[in-house]
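So the structure is just underneath, and the comments pick up after that.
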Amino acid sequence: MMSTKEIEETYDITRQTLNNWVLKEVISRPQKSGNKNVWTPKNVIEIEKVLTKKDEQLSLFDIESESLKINNRRYLGSKQKMLDFIARTVKENTENIQSVADIFGGTGVVADLFRQEKKEIIVNDILYSNFVSYQTWFGTEDVDYLKIEKYISELNELKGYSGYVTKNFGNRYFSEENAQKIDAIREQIEKYDDLNQREYCFLLTSLLYAMDKAANTVGHFDAYRKNMDSLKPLILRVPELNEIKKSQIFNMDANQLVRQIEADLIYIDTPYNSRGYESAYHLLENVAEWKKPKVEGVAKKAVNRSEKSSDYTKAKAPQAFDDLIQHITARYILVSFNNMAHKGNSRSNAKISNEEIIDSLKKRGDVAVFETDFNAFTTGKSKIDNHKELLYLCKVNS
């Protein structure tokens, strides 16, 4: 049973739309619980059928026609809300920035900020799923956009079947129907034989973003909701085609990468707490790589994820950070940090202190600190007061 509010939030439709469908006898009347409507599994099936019809007001065609953008996903520690703060800090306190490296790229929204400013971009992440999306958003290979639109339309029309995803993640992270659809789409992507690497990544990025949208989670894959609350159909959208001046894209350990690259400004946003991204996004990694590894535990994580774990989530984080900073070749180093300290759940607490960051940066040059208010993400229902997002800007000694 679902309440009207749950139906509205799950399917992104209004109470008035539901009432109209009932009056037109498109769907059955809900049951009553006191003065409130409750929607039965039969009602839910009827609603989903309505949403798949092309002639309805909220048709799949309308949703598919909206282009997919880089920020259309949920991600731990995303800097989407910090972009104006980052842009302003760089603009007001640096000179002649032509190239920017984002070496812990995450979703890539910070790199995209500088792409829009026509800078040369270097972007890196240790997660392969993020590396795939970077080739979509920042790649320089030519893309046959009409072909991408055609194939994504085909993928949306595929009939699902039970495969690796359904067996391991169906009725857990995804509804049975969506899991079957993921199986069919992922296998079909591998069968297309007329795609260059970037076009292949366009299709895979579209799937990964659609999975995030349909997942029965709170935004990461450490766990799934006990009840299957996410019944939205899985829908692929066509990623927008970005203009880019020049880019380099990497999928490697950042401490090793900085020994190989140089840029006017290097931006750093390490995973400062014990939240290992290789665990938080294991399912997307799994589907992106499509090696179909064995999984374990209630959360169904791949058995071996250790090669993607980060020193920044462990006690050795300060040493790793210092090693990183001392081997950077850049005129400016910009570090994102927040003042979580020991304010939240233990997994959210920082592994590096404010003092350790400043000490490492001061070995390279003059350091200025900028701050802004920010709402923290924590596990559970912790309330974090006086939470600040900090930027440390080091002007490197020549």
Side-chain angles (χ1 to χ4, degrees), residues 1-66 68 71-76 78 80-81 156 160 165-166 169-182 209-237 280 283-284 298-300 345 375-384:
M1 297 287 191
M2 298 177 70
S3 68
T4 300
K5 183 177 181 181
E6 288 172 333
I7 292 289
E8 288 179 295
E9 292 176 348
T10 300
Y11 293 98
D12 195 22
I13 54 180
T14 66
R15 188 182 302 263
Q16 186 60 54
T17 297
L18 290 169
N19 290 337
N20 290 340
W21 289 350
V22 170
L23 290 173
K24 294 178 182 179
E25 298 184 345
V26 174
I27 61 176
S28 304
R29 288 187 177 276
Q31 294 182 6
K32 287 285 185 180
S33 177
N35 294 324
K36 295 184 178 180
N37 290 330
V38 290
W39 302 84
T40 66
K42 178 185 176 182
N43 293 137
V44 170
I45 291 172
E46 292 172 341
I47 290 168
E48 290 181 352
K49 285 183 177 179
V50 171
L51 291 172
T52 62
K53 292 180 181 179
K54 302 298 184 186
D55 58 351
E56 291 296 333
Q57 182 180 1
L58 295 175
S59 67
L60 288 183
F61 178 80
D62 294 331
I63 300 172
E64 290 168 20
S65 66
E66 299 175 6
L68 186 67
N71 62 352
N72 292 156
R73 65 172 293 197
R74 302 168 293 178
Y75 201 78
L76 288 171
S78 174
Q80 178 63 36
K81 295 180 180 179
N156 275 323
V165 173
T166 308
F169 311 118
N171 281 328
R172 295 182 177 94
Y173 290 103
F174 304 99
S175 68
E176 188 85 3
E177 182 179 357
N178 282 340
Q180 291 177 354
K181 194 72 176 285
I182 294 166
Y209 272 58
M211 288 169 60
D212 170 70
K213 198 76 171 175
N216 186 44
T217 71
V218 294
H220 54 79
F221 296 86
D222 268 331
Y224 47 86
R225 293 188 178 105
K226 185 176 181 180
N227 296 318
M228 181 56 61
D229 294 329
S230 297
L231 298 172
K232 285 184 179 180
L234 185 97
I235 303 168
L236 272 60
R237 292 157 57 191
L283 201 158
L284 297 184
V298 175
K300 298 295 180 179
N345 178 281
N375 291 326
F377 173 92
T378 68
T379 57
K381 299 180 179 179
S382 305
K383 182 180 179 181
I384 309 302

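What you see below is based on every heavy atom in this structure, not just the backbone, and it leaves out hydrogens, waters and symmetry mates.
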Nearest atoms (heavy-atom pairs only) where [X] meets [Y]:
{"X": "V22", "Y": "P30", "result": "CG2-CD, 4.2 Å"}
{"X": "M1", "Y": "E6", "result": "O-OE1, 4.2 Å"}
{"X": "G170", "Y": "A179", "result": "CA-CB, 3.7 Å"}
{"X": "L236", "Y": "A210", "result": "CD1-CB, 3.9 Å"}
{"X": "R172", "Y": "N216", "result": "O-ND2, 3.1 Å"}

- F169 side chain near I182 side chain, heavy-atom distance below 4.5 Å: no
- Query: So do D212 and Y75 actually touch side chain to side chain, heavy atoms under 4.5 Å?
  - Reply: no
- What residue among L18, D12, T17 forms side-chain contact (heavy atoms from CB on, under 4.5 Å) with T14? T17
- Task: Start with the C-alpha distance between E176 and T166, add both sets of side-chain angles, then the distance that settles side-chain contact (heavy atoms from CB on, under 4.5 Å), and finish with yes or no.
- Result: CA-CA 7 Å; E176 188 85 3; T166 308; 3.4 Å; yes
Can you tell me how far the [atom1] atom of [X] sits from the [atom2] atom of [Y], to the nearest 0.5 Å?
{"X": "N43", "Y": "N37", "atom1": "CG", "atom2": "CG", "result": "9.0 Å"}
{"X": "K81", "Y": "N71", "atom1": "NZ", "atom2": "CG", "result": "12.0 Å"}
{"X": "Q80", "Y": "N72", "atom1": "CD", "atom2": "CG", "result": "9.0 Å"}
{"X": "S3", "Y": "K36", "atom1": "OG", "atom2": "NZ", "result": "8.0 Å"}
{"X": "F174", "Y": "M211", "atom1": "CZ", "atom2": "CE", "result": "4.0 Å"}
{"X": "S28", "Y": "W39", "atom1": "OG", "atom2": "CH2", "result": "9.5 Å"}

- What do the steps show when you test R73 against L284 for side-chain contact (heavy atoms from CB on, under 4.5 Å), and what is the final call? CA-CA 12 Å; R73 65 172 293 197; L284 297 184; 3.5 Å; yes
- Message: For R74, I'd like to know if atom CZ has over 12 heavy atoms of other residues, nucleotides or ligands within 6.0 Å.
- Response: yes
- Query: Just wondering, more than 12 heavy atoms not from E8 lying within 6.0 Å of its CD?
  - Reply: yes
- Query: Checking N156 side chain against I235 main chain: does a donor-acceptor pair fall under 3.5 Å?
  - Reply: no
- Query: Counting N and O atoms only, with roles assigned by atom type, does the side chain of N178 sit under 3.5 Å from a partner on the main chain of K232, one being a donor and the other an acceptor?
  - Reply: yes
- Y173 vs F221 aromatic rings, parallel, tilted or perpendicular, using cut-offs 30° and 60°? tilted
